[in-house]
*Asks:* 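To start, I am sharing the structure in question, which I have written as structure tokens.
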Amino acid sequence: MVDWLNPDEAMRRIIAFGDDYLALAQSLCGPAAGADPSASLRDRYERLFAAASLPPAPPALPLFGPAGAQGAHERLIAATVRCQRAAARFNELLATIAAAAADKLLAALAAPREAEPPVTSLRELHGLWVRCGEEAYAVAAHGEDFAHAQAELLAATVEWRHEQQQLAETWASALGLPTTAELDAINQRVHALIARIAELERQLGRQGTPPP
Amino acid sequence: MTRLAIDPARAANEIADFCGRLAAGVRALGELGATTAGSDGASPRDAVRRDDKLILYRYRPLVSRADATPLLICYALVNRPYMLDLQPDRSLIRGLLARGVDVYLIDWGYPDRGDRWLELDDYVNRYLGGCIDHLRRAHGVPSVNLLGVCQGGTLALCHAALHPERVRNLVTMVTPVDFHTPENLLAKWIREVDVERMVEVLGNVPGALLNAAFVGLMPLRLASRKYATIADHADDPAALAGFLRMERWIADSPDQAGAAFAQFVRGFFQENRFVLGGLTIGGSRVDLQHLVCPVLNVYASRDHIVPPSASRPLGGLIGSRDYTGFEFDGGHIGVYVSRRAQELLPLTIAEWLAPR
């Protein structure tokens, strides 16, 4: 974890990031002879994005002047990090369920043969695994943790998509293309018009005048 | 001594046999694919009304029609209605036709971006109401029989409560009414979701997202064990064809019109308004006490999507004194396609409707 409020540590991290970025660029230009290019790239990426496990960020300065335009990109990065965290939390729960399912399977197999019939085929073993897995999953899936983690993953994904959409709309607008927001607004107007026509037809019907 | 008693040599044979049968099953599926895919139902029918993307179908009779009052089937928005007529020997619709019922079906179509602002008012009053009005005019009757399936049952309940004079008899099948019972996993999951924000960003809600949620209810059974049955049916083309049709149906999930989806989730899944009251659609209050027609409520004892506990309370919520609950021993899909359902459900529905 990087303590961003500690100026020395923050500076070291920024310098390290710069070094990593430079090294990554150099890797992309051509790896050293004999080096495994994919391993080198992977290593660089991992170091570069280790910053994703940041502690809560310090209060951000309001963006002003030319920096204002970078706000959309910063929000997208923040949304990406939120998505990664939510996915990690959800995967953690799934791993816990898998462990519980394995425990159940072991317990089921350890039951004495007199109490339960022996498992004599792989098919039966698979069936037992599915049953144990579903039982473990059901317990977790009905819990609040699971519902909360799933809802957070969905919400984070929605916000990530929103930030991407905002950027895309900026570009679409700059290129003179219709945006989603504009299409939605037009569709909303059409829907309101249809509702208005239906209401007028109902009023005409009540007055005994057949609608046109 | 543990229960595990797998002989290694036998296990090796089992693996080889399974792989061989799976390969044969996959080959057979490939040959069947072109002839099985693409069907929207097994029974002949005619489109009699169109309204935006909605199509109202009337099925051609198999025997002379027994009753002047037609039966209108209102299916869910989240899946396609051909599940009710999947193949000739697995068809609730065919079973009803064989008993002289005059069957109509609403096909909601596939909402696109232009439908993003459709509300529950549009589905319950404009579309469903338009179909009912069409049938009232076409048949010269003041009211029709209405059969609502799953979410379509919830929409049908809303309509019947808002316009009791238009519904002569109501049949609900695997229809959720109380959304807050402990077994209702979907409701537990969606209660924490900010559905308005989701719809604001996504517009329509992707059908694939809902499908993932349905598979997530029992992921190991629905995403693993089910596919092992391909090997079991390798030499049974009819069973494989049925498997293909079912797979196609499961994946054929229309996107959901955003505004209506948000209202449905908020009103039912999150706020349980049938039970707690306070539901309004199109500016009118929906009170199930206003529903006074005879009601047949069919639910499935092993339904993992709409648990029976979510359907059973209907009898205590409606104003009707003629209520019949019918518990089918099966699951949410089995209620349409299982062999037992083919015999039992059309008969139960037709016999219940006949004297009413």
Side-chain angles (χ1 to χ4, degrees), chain A residues 94 97 101 106 108-138 141-144 146-152 154-155 157-163 165-166 180 183-184 186-192 194-195 198, chain B residues 1-7 10-15 17-18 52 112-119 121-122 125-126 129-130 182-185 187-195 197-203 209 213 216-222 224-226 228 231-232 257-259 282 304:
Chain A
L94 293 181
I97 293 169
L106 287 175
L109 289 173
R113 285 190 193 180
E114 298 75 34
E116 297 284 346
V119 176
T120 58
S121 70
L122 293 174
R123 189 63 179 270
E124 288 170 20
L125 185 62
H126 178 249
L128 189 60
W129 159 244
V130 168
R131 200 192 78 200
C132 292
E134 289 293 3
E135 284 175 7
Y137 180 79
H142 278 273
E144 283 184 15
F146 191 93
H148 183 70
Q150 192 163 245
E152 169 58 12
L154 181 60
T157 309
V158 163
E159 293 309 321
W160 182 61
R161 146 94 190 242
H162 172 70
E163 296 303 338
Q165 194 170 309
Q166 292 300 105
T180 301
L183 287 175
D184 275 352
I186 292 167
N187 284 327
Q188 190 172 21
R189 275 184 225 163
V190 170
H191 181 260
I194 290 171
Chain B
M1 183 171 288
T2 76
R3 291 170 62 197
L4 197 57
I6 298 177
D7 173 61
R10 193 181 154 195
N13 283 336
E14 194 184 348
I15 291 170
D17 178 60
F18 180 79
D52 294 339
D112 61 23
R113 190 144 205 109
D115 302 308
R116 181 244 179 279
W117 300 100
L118 288 179
E119 300 180 6
D121 181 28
D122 294 292
N125 290 317
R126 183 152 70 92
E183 300 83 7
N184 199 331
L185 189 51
K188 277 184 185 168
W189 286 352
I190 209 163
R191 241 176 277 178
E192 292 205 36
V193 172
D194 184 348
V195 66
R197 175 62 176 160
M198 186 170 126
V199 164
E200 183 186 343
V201 173
L202 299 183
L209 184 63
L217 294 174
M218 291 198 303
L220 288 176
R221 276 170 213 245
L222 299 177
S224 161
R225 194 169 73 179
K226 184 175 65 168
D232 297 339
H304 71 289

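Throughout, a chain's letter reflects where its sequence line sits, starting with A, and its residues are numbered from 1. Computed from a predicted structure; not experimentally measured.
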*Asks:* What distance do A/E144 atom CD and B/R191 atom CZ have between them, rounded to the nearest 0.5 Å?
*Replies:* 10.0 Å
*Asks:* Quick one: does any side-chain atom of B/R3 pair with a main-chain N or O of A/P117 as donor and acceptor, under 3.5 Å?
*Replies:*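 Side chain of B/R3 to backbone of A/P117, a donor-acceptor pair under 3.5 Å: yes, one is there.
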*Asks:* Any idea which heavy atoms bring A/E134 and B/R221 closest together, and the distance?
*Replies:*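 Smallest heavy-atom distance, with atoms named: OE2-N, 2.7 Å.
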*Asks:* Identify which of B/A5, B/A11, B/G114, B/G203 forms the greatest number of heavy-atom pairs closer than 4.5 Å to chain A.
*Replies:*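 The option with the most such pairs is B/A5.
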*Asks:* Any Lys/Arg nitrogen of A/E159 or B/R197 sitting under 4.0 Å from an Asp/Glu carboxylate oxygen of the other?
*Replies:*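 Yes.
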*Asks:* Measuring heavy-atom distances to chain A, does B/E14 have an atom under 4.5 Å in its side chain, in its backbone, in both, or in neither?
*Replies:*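 For B/E14, side-chain heavy atoms alone lie under 4.5 Å from chain A.
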*Asks:* For side chain to side chain contact (heavy atoms under 4.5 Å, CB included), just list the numbers for B/V201 and A/R161, CA-CA rounded to whole Å, side-chain angles, deciding distance to a tenth of an Å, and then say yes or no.
*Replies:* CA-CA 8 Å; B/V201 173; A/R161 146 94 190 242; 3.6 Å; yes
*Asks:* By a 4.5 Å heavy-atom criterion (distance strictly below it), what part of A/L122 contacts chain B: side chain, backbone, both, or neither?
*Replies:* both
*Asks:* If you count heavy-atom pairs under 4.5 Å between each of B/V193, B/D194, B/L4 and chain A, which one has the most?
*Replies:*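 Maximum pair count with chain A is reached by B/L4.
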*Asks:* Tell me, side chain or backbone of A/Q188 under 4.5 Å from chain B's heavy atoms, or both, or neither?
*Replies:*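 Both the backbone and the side chain of A/Q188 come within 4.5 Å of chain B.
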*Asks:* Go through the atoms of A/H142 and report whether side chain, backbone, both or neither lie under 4.5 Å from a heavy atom of chain B.
*Replies:*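 Both backbone and side chain.
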*Asks:* Do B/D122 and A/H191 meet the criterion of a side-chain donor-acceptor pair at a distance under 3.5 Å?
*Replies:*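 Side chains of B/D122 and A/H191: pair found under 3.5 Å.
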*Asks:* Using non-hydrogen atoms only, which part of B/L118 is less than 4.5 Å away from chain A: side chain, backbone, both, or neither?
*Replies:* both
*Asks:* Quick one: CD1 on B/I15 to OG on A/S121, what's the gap to the nearest 0.5 Å?
*Replies:* 11.0 Å
*Asks:* With distance as the sole test, does A/Q150 use its side chain to make a donor-acceptor pair with the main-chain N or O of B/W189 at under 3.5 Å?
*Replies:*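 Checked: no pair found.
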*Asks:* With only heavy atoms counted, which part of B/A228 is less than 4.5 Å from chain A, the side chain, the backbone, both or neither?
*Replies:*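 B/A228 touches chain A through backbone and side-chain heavy atoms alike.
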*Asks:* Identify which part of B/D232 has an atom lying under 4.5 Å from any heavy atom of chain A, answering side chain, backbone, both or neither.
*Replies:*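 Interface part for B/D232: side chain.
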*Asks:* Please classify the contact of A/A141 with chain B as side chain, backbone, both or neither, using a heavy-atom distance under 4.5 Å.
*Replies:*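 Contact with chain B involves both backbone and side-chain atoms of A/A141.
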*Asks:* Look only at the side chain of A/Y137 and the backbone of B/G216, and say whether a donor-acceptor pair between them is shorter than 3.5 Å.
*Replies:* yes
*Asks:* Less than 4.0 angstrom from a charged side-chain N to a carboxylate O is my criterion; do A/R123 and B/D17 meet it?
*Replies:*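 Looking at B/D17 together with A/R123, the answer is no, because their closest N to O distance does not fall below 4.0 Å.
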*Asks:* Under the side chain to side chain contact (heavy atoms under 4.5 Å, CB included) rule, what do A/T120 and B/I6 come out as? Steps first, then yes or no, please.
*Replies:* CA-CA 4 Å; A/T120 58; B/I6 298 177; 5.6 Å; no
*Asks:* Measuring heavy-atom distances to chain B, does A/I194 have an atom under 4.5 Å in its side chain, in its backbone, in both, or in neither?
*Replies:* side chain
*Asks:* Look up atom CD in B/E200 and atom CG in A/D184, then write down how far apart they are to the nearest 0.5 Å.
*Replies:* 10.0 Å
*Asks:* If the condition is ring pair (Phe, Tyr, Trp, His ring centres under 6.0 Å), which residues does B/W117 pass it with, not counting sequence neighbours?
*Replies:*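 None.
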*Asks:* Just so I understand: if I count every heavy-atom pair under 4.5 Å between each of B/E119, B/R113, B/K188 and chain A, which residue has the most?
*Replies:* B/R113
*Asks:* Heavy-atom distance under 4.5 Å to chain B: side chain of A/A108, backbone, both or neither?
*Replies:*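 Both backbone and side chain.
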*Asks:* Check whether B/P182 gets within reach of chain A through its side chain, its backbone, both or neither, counting any heavy atom under 4.5 Å.
*Replies:* backbone
